[in-house]
Every structure is written in structure tokens, then in C-alpha cells.
Colleague: 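Mind looking over this structure? Questions follow.
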Amino acid sequence: MAVGILLWLLGTSLSSPEGFLTASSIMNNFFVELILWGILIALAYHAVMGIRHLLMDFGYIEETLEAGTRSAKICFVIIVVLSLLAGVLVW
């Protein structure tokens, strides 16, 4: 559903100059910006953790409790940085 919202907003903004103004006026609402920021955080989480699991599947990260905990902490730091960057992008 989140990707659908983003695609709808993109399609509306690219449809015509009036569509761009409509999308721009929608994005001027604080709650819409907050929802967009949440969507971007969720996508960042999904992408980073997906890459982590791929690296584990390919054997680049050991499958031990210590390595799993360390890689999860590194991923959460990356997600926090990406969340801050997404917040700067949205606002």
C-alpha cells in the first residue's frame, strides 16, 4: 500500500502542470509529510535488512549469535542514518 501511495503521488505530479500543483499542495501538509517519512523509513528498513539477509545467505556473515547481533546493530545504525536523511529530504 505504501508503494501505491508513492506511485500515485509520482503519477499525479508527472501528469500535468496542474497535477504537479495538486501533488505539491498535498505535500505541504505536516501529517502527509510525516506519513511519507514513515513510508521511507519502512522502505529503508526493508532494503537494509534484506541486504543483510542476502549477505548471510551468501556466507559473507557468519551464522552465529554474535555475528548476527553485531550485523543487526550495524543495520540499525544504517537505518537511523537513512531515517535522518529521509527526514531532511521530506522537510
Colleague: At what distance, to the nearest 0.5 angstrom, does CE of Met49 lie from CG of Leu54?
Modeller: 13.0 Å
Colleague: Are side-chain heavy atoms of Phe58 and His53 found at a separation under 4.5 Å?
Modeller: no
Colleague: Quick one: does Trp91's side chain have a donor or acceptor within less than 3.5 Å of a partner on Trp37's backbone?
Modeller: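 It does not hold such a pair.
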Colleague: Would you indicate whether the side-chain heavy atoms of Ile5 and Leu9 approach each other to under 4.5 Å?
Modeller: no
Colleague: Measure the spacing between CG of Leu36 and CD1 of Ile26 and express it to the nearest 0.5 Å.
Modeller: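 Between atom CG of Leu36 and atom CD1 of Ile26 there are 11.5 Å.
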Colleague: Please answer: with hydrophobic residues joined when any side-chain heavy atoms are less than 4.5 Å apart, are Met27 and Phe31 in the same cluster?
Modeller: yes
Colleague: Should Leu7 and Val32 be regarded as members of a common hydrophobic cluster, given that ILVMFWY residues are connected when their side-chain heavy atoms come within less than 4.5 Å of each other, either directly or indirectly?
Modeller: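 Same hydrophobic cluster.
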Colleague: With rounding to the nearest 0.5 Å, note down the distance linking CG in Leu84 to CD1 in Ile79.
Modeller: 12.0 Å
Colleague: Heavy atoms only: give me the nearest Met56-Glu63 pair and the separation to one decimal.
Modeller: O-OE2, 3.5 Å
Colleague: Quick one: does Leu6's side chain get under 4.5 Å of Leu43's, heavy atoms only?
Modeller: yes
Colleague: Could you tell me the separation between the CD1 atom of Ile41 and the CG atom of Leu85, rounded to the nearest 0.5 Å?
Modeller: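 Spacing of CD1 (Ile41) from CG (Leu85) equals 11.0 Å.
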Colleague: How about NE2 on His46, more than 12 heavy atoms from neighbouring residues, nucleotides or ligands closer than 6.0 Å, or not?
Modeller: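 Open.
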Colleague: Nearest 0.5 angstrom please: Leu10 CG to Trp8 CH2, how far?
Modeller: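 If we round to the nearest 0.5 Å, Leu10:CG and Trp8:CH2 are 11.5 Å apart.
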Colleague: Keeping Arg52 on the side-chain end and Gly68 on the backbone end, is there a donor-acceptor pair under 3.5 Å?
Modeller: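 Side chain of Arg52 to backbone of Gly68: a pair is present.
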Colleague: With a 4.5 Å cut-off on side-chain heavy-atom distances among I, L, V, M, F, W and Y, is there a chain of contacts connecting Val88 to Ile39?
Modeller: no
Colleague: Is it possible for you to say whether Leu89 and Val80 belong to one hydrophobic cluster, with membership spreading through side-chain heavy-atom contacts below 4.5 Å?
Modeller: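 In one cluster with Leu89: Val80, no.
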Colleague: Is it possible for you to say whether Phe76 and Ile74 belong to one hydrophobic cluster, with membership spreading through side-chain heavy-atom contacts below 4.5 Å?
Modeller: yes
Colleague: Say you draw a straight line from CD of Glu62 to OG of Ser71; how long is it, rounded to the nearest 0.5 Å?
Modeller: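 These two atoms lie 10.5 Å from each other.
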